[in-house]
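Everything below concerns the one structure shown next.
In what follows, chains carry the letters A, B, and so on, assigned in the order in which the sequence lines appear, proteins first and then strands, with residues in each chain numbered from 1. The structure presented is a predicted model; accordingly, all values stated were derived computationally and were not measured.
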Amino acid sequence: MAKEITSRSENYSQWYNDIVKKAGLADHSAVRGCMVIKPLGFAIWENMKAQLDTMFKDTGHVNAYFPIFIPKSFLSREAKHVEGFAKECAVVTHHRLMNDPNGEGVIVDPSSKLEEELIVRPTSETIIWNTYKDWIQSYRDLPLLINQWANVVRWEMRTRPFLRTAEFLWQEGHTAHATKQEAWEEAELIHEIYARFAEDYMAMPVIKGAKTASERFAGADETFTIEALMQDKKALQAGTSHFLGQNFAKAFDVKFADQNNKEEHVWATSWGVSTRLVGGLVMTHSDDEGLVLPPKLAPTQVVIVPIPKPNEAILEVAEKIKAQLNEKGISVKIDKDKKKRPGFKFAQYELEGVPVRIGIGMRDLENNQVEIARRDTKEKSSVSLEGADRYVADLLVEIQENLVQRARDFRKEHTSEVKDFESFKEVLESKGGFIHANWDGTDETEARIKELTKATIRCIPLEGSEPDGNDILSGQPGKHKVIYAKAY
RNA sequence: CGGGGCGUAGCGCAGUCCGGUUAGCGCACCUGGUUUGGGACCAGGGGGUCGCAGGUUCGAAUCCUGCCGCCCCGACCA
């Protein structure tokens with residue numbers, strides 16, 4: 001077997017790397033911390049992007065594009081914001097190269113030093129709010145509901161493909177509103193869209209909640225998050241939606257005149273999901289045989305493999321099935337490769353996570369049937385040619401449902417509730433996963449628990465956060481019941 | 001940025017301790033043939049600045065010095 005994948009039980013990190021590498025999602029690049037997203041990985045991202053883009057547009061948002069470079073001075077306008085990102089920014093200091101007078105190669109031309117250095121965007125709030133200042137004068141200009149699809153750079157110490165890379169792709173929404181309530185509702189709306197996308201398309205169940213002050217986005221008054229549980233029982237923050245209050249409006253002096261011609265700072269939100277979702281998708285569903293993709297995001301939903309190899313009779317049937325499935329909006333690939341044997345192809349498509357495989361051999365044709373295999377359970381069944389298209393269409397729906405249900409069951413098994421610190425540590429060690437516990441609401445307790453156990457408060461869940469006892473560590477009255485977990 | 005491991009063909013590795021023919025093996029690749037319902041077999045073939053730069057030596061993948069990169073585990077973060 002050429003494509004050996006490390007098992008999850010043996011080494012989860014290595015398993016993840018093997019899947020990414022061997023299924024062809026991404027490669028390491030020549031640039032430290034940056035990856036090359038390969039066609040399969042990018043196709044998954046494109047599908048995510050297409051769906052999210054539709055959801056944004058259905059709720060009144062439009063796309064635009066802002067520069068990748070941000071003048072250094074912009075970053076420092078909002079104190080907390082700069083504090084949050086200062087440590088991980090790439091800085092452009094020069095704009096020209098020249099031949100090295102002492103020998104070979106090129107060097108930076110010292111005479112091209114920039115008067116004001118430029119920051120490669122780690123996020124775009126500052127450049128965007130600097131621009132919004134010119135776009136907004138009156139309540140008639142509001143709300144402003146803009147999204148951009150872009151790359152950003154955060155100079156990370158330790159990187160992992162998709163989960164954390166120095167450069168990554170994402171969307172960032174930046175909206176401006178006349179009232180606090182409207183901005184708040186916008187942040188909630190996007191939070192809801194993210195959760196729906198994760199569950200309905202990625203088949204990745206998430207918990208909706210608010211971040212604690214210490215985990216909040218730098219510059220936000222409130223951060224909403226969706227938190228998913230990976231197969232190694234660690235939490236993954238999968239998307240965040242921020243209520244920014246008037247912080248950026250004040251920093252960039254963005255005011256509007258209301259109906260009474262009274263000037264006021266506008267209210268803001270920002271929100272984003274990134275290529276990290278691809279990593280989440282991998283870690284939610286995949287197994288030791290390779291990638292497992294939910295049908296709704298799989299670039300190829302069905303592959304047809306002629307057995308043992310393509311011939312005219314088989315291809316004729318294959319093309320017919322393909323046409324029927326295409327009619328239903330299902331993407332189909334027919335493997336016409338004559339060199340590789342079926343067994344090899346089966347393994348390859350399992351590695352690549354294609355949800356449904358149809359095998360067609362001469363024996364099948366004699367019996368007027370095909371063999372249909374599903375990736376999620378590896379089950380195979382013989383299905384009559386007549387109605388095979390309906391069978392496949394139904395099966396794709398069933399696989400999607402099975403994946404989300406399986407993930408929900410897994411999360412349920414790894415969700416606990418504790419009342420004291422001893423059992424907290426016990427559960428964290430033995431079972432991992434999400435742990436509900438009362439929290440006194442102080443930064444100190446939160447930090448202390450992180451220090452002692454590596455677990456952090458993932459969120460204050462929107463539902464079920466009423467305290468019903470004392471803080472597990474401090475013994476002080478609980479302010480919220482929160483969810484702790486070890487996290488990515 | 002700390003601790004550990006590693007860098008030899010596209011991938012996985014042996015050889016390095018103890019310097020000495022033309023640097024090897026498996027997979028992959030190319031050609032031909034035989035095969036073909038779960039990763040086929042046989043024969044032939046192509047492919048390497050041994051991570052980079054210096055040094056020691058008659059001679060360096062092997063010894064010395066410096067640098068770079070990658071992986072795993074931590075700290076930091078989406």
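Computed from coordinates, the A:Phe346 CZ to B:U36 P distance equals 16 Å when rounded to whole Å. Here the P atom of nucleotide B:C29 and the NZ atom of A:Lys339 are 11 Å apart, to the nearest Å. Across the protein-nucleic acid pair, A:Ile304 atom CD1 and B:G37 atom C1' stand 17 Å apart, rounded to whole Å. Between the P atom of B:G38 and the CZ atom of A:Arg357 lies a distance of 10 Å, rounded to the nearest Å. Regarding A:Ile5, its CD1 atom lies at a distance of 12 Å from the C1' atom of B:G39, rounded to whole Å. Atom CG of A:Asp337 and atom C1' of B:G39 are 14 Å apart (whole Å). Atoms NZ (A:Lys345) and C1' (B:U36) sit 11 Å apart, rounded to a whole Å. Here B:C1 presents its P atom at 13 Å from CH2 of A:Trp155, a figure rounded to the nearest Å.
The 5' end of RNA chain B is approached more closely, in terms of each residue's nearest nucleotide, by A:Lys21 than by the other of A:Gly359 and A:Lys21.
Remark: the A:Lys380 side chain and the B:G38 base include a donor-acceptor N/O pair separated by less than 3.5 Å. Residue side chain A:Arg341 does not reach the base of B:G37 through any donor-acceptor N/O pair under 3.5 Å, judged by distance alone.
The closest side-chain donor-acceptor pair between A:Tyr349 and A:Asp335 falls under 3.5 angstrom.
B:G10 is paired with B:C27 under the criterion used here, namely a Watson-Crick or G-U wobble arrangement in which both key atom distances are under 3.5 Å. Searching all strands for a Watson-Crick or G-U wobble partner of B:C77 with both distances below 3.5 Å returns nothing. Base pairing analysis places B:A40 opposite B:U34; the two distances defining the Watson-Crick or G-U wobble pair are each below 3.5 Å. Using the Watson-Crick or G-U wobble rule with both distances under 3.5 Å, B:U65 pairs with B:A53.
Taking only side-chain atoms of A:Lys309, from C-beta outward, the nucleotide of B:G38, B:G37, B:U36 with the closest atom is B:U36. Side-chain proximity of A:Glu350 to the nucleotides B:U36, B:G38, B:G37 is greatest for B:G38.
Outside the 6.0 Å centre-distance limit, the rings of A:Tyr484 and A:Phe434 are not counted as a close aromatic pair. Centroid-to-centroid, the aromatic rings of A:His81 and A:Phe217 come within less than 6.0 Å.
Residue contacts shown for A:Glu289 are absent, as no nucleic acid heavy atom lies under 4.0 Å away.
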What one-letter contact string describes nucleotides 71-78 of chain B from 5' to 3', where B marks a base within less than 4.0 Å of any protein heavy atom, S marks contact via sugar-phosphate atoms alone, and - marks no contact? SSSBB-BB
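A cation-pi arrangement is absent between A:Arg154 and A:Phe85, since the terminal nitrogen or guanidinium carbon is not both under 6.0 Å from the aromatic centre and inside a 45° cone about the axis.
The aromatic rings of A:Phe224 and A:His191 sit parallel to each other, their planes meeting at less than 30°, with 60° as the upper class boundary.
Under the 3.5 Å distance criterion, the side-chain polar atoms of A:Asn367 are left unmatched by any main-chain donor or acceptor of A:Gln369.
When the C1' atom is compared between B:G47 and B:G2, the two are found 41 Å apart, to the nearest whole Å. When the P atom is used for both B:C64 and B:G5, the distance is 16 Å, rounded to whole Å. The gap from the P atom of B:C73 to that of B:G37 amounts to 41 Å, rounded to the nearest Å. For the P atoms, the distance linking B:G15 with B:C68 amounts to 28 Å, nearest Å. With C1' as the reference atom, B:G10 and B:C72 are 24 Å apart, rounded to whole Å. Rounded to a whole angstrom, the distance from the P atom of B:U49 to that of B:C42 is 30 Å. Distance check on atom C1': B:A14 versus B:A61 gives 12 Å, rounded to whole Å. Here the separation of B:G7 from B:G51, taken at their P atoms, is 8 Å to the nearest Å.
Residue A:Thr275 holds its OG1 atom at 11.5 Å from NZ of A:Lys49, rounded to the nearest 0.5 Å.
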Cut-off 3.5 Å, no hydrogens considered: what does the side-chain donor-acceptor table look like for residues 160-173 of chain A, sequence neighbours left out?
unit_1   : atom_1 : unit_2   : atom_2 : d
A:Thr165 : OG1    : A:Glu167 : O      : 2.8
A:Glu167 : OE2    : A:Asn151 : ND2    : 2.9
A:Trp170 : NE1    : A:Glu172 : OE2    : 3.4
A:Gln171 : OE1    : A:Tyr194 : OH     : 2.6
A:Gln171 : OE1    : A:Val273 : N      : 2.8
A:Gln171 : NE2    : A:Asn147 : OD1    : 2.8
A:Glu172 : OE1    : A:Ser124 : N      : 2.9
A:Glu172 : OE1    : A:Ser124 : OG     : 3.4
A:Glu172 : OE1    : A:His174 : NE2    : 2.7
A:Glu172 : OE2    : A:Ser124 : OG     : 2.7
A:Glu172 : OE2    : A:Gln148 : NE2    : 2.9

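Salt-bridge formation is detected for the pair A:Arg448/A:Glu451: a Lys NZ or Arg NE/NH1/NH2 atom is positioned less than 4.0 Å from an Asp or Glu carboxylate oxygen.
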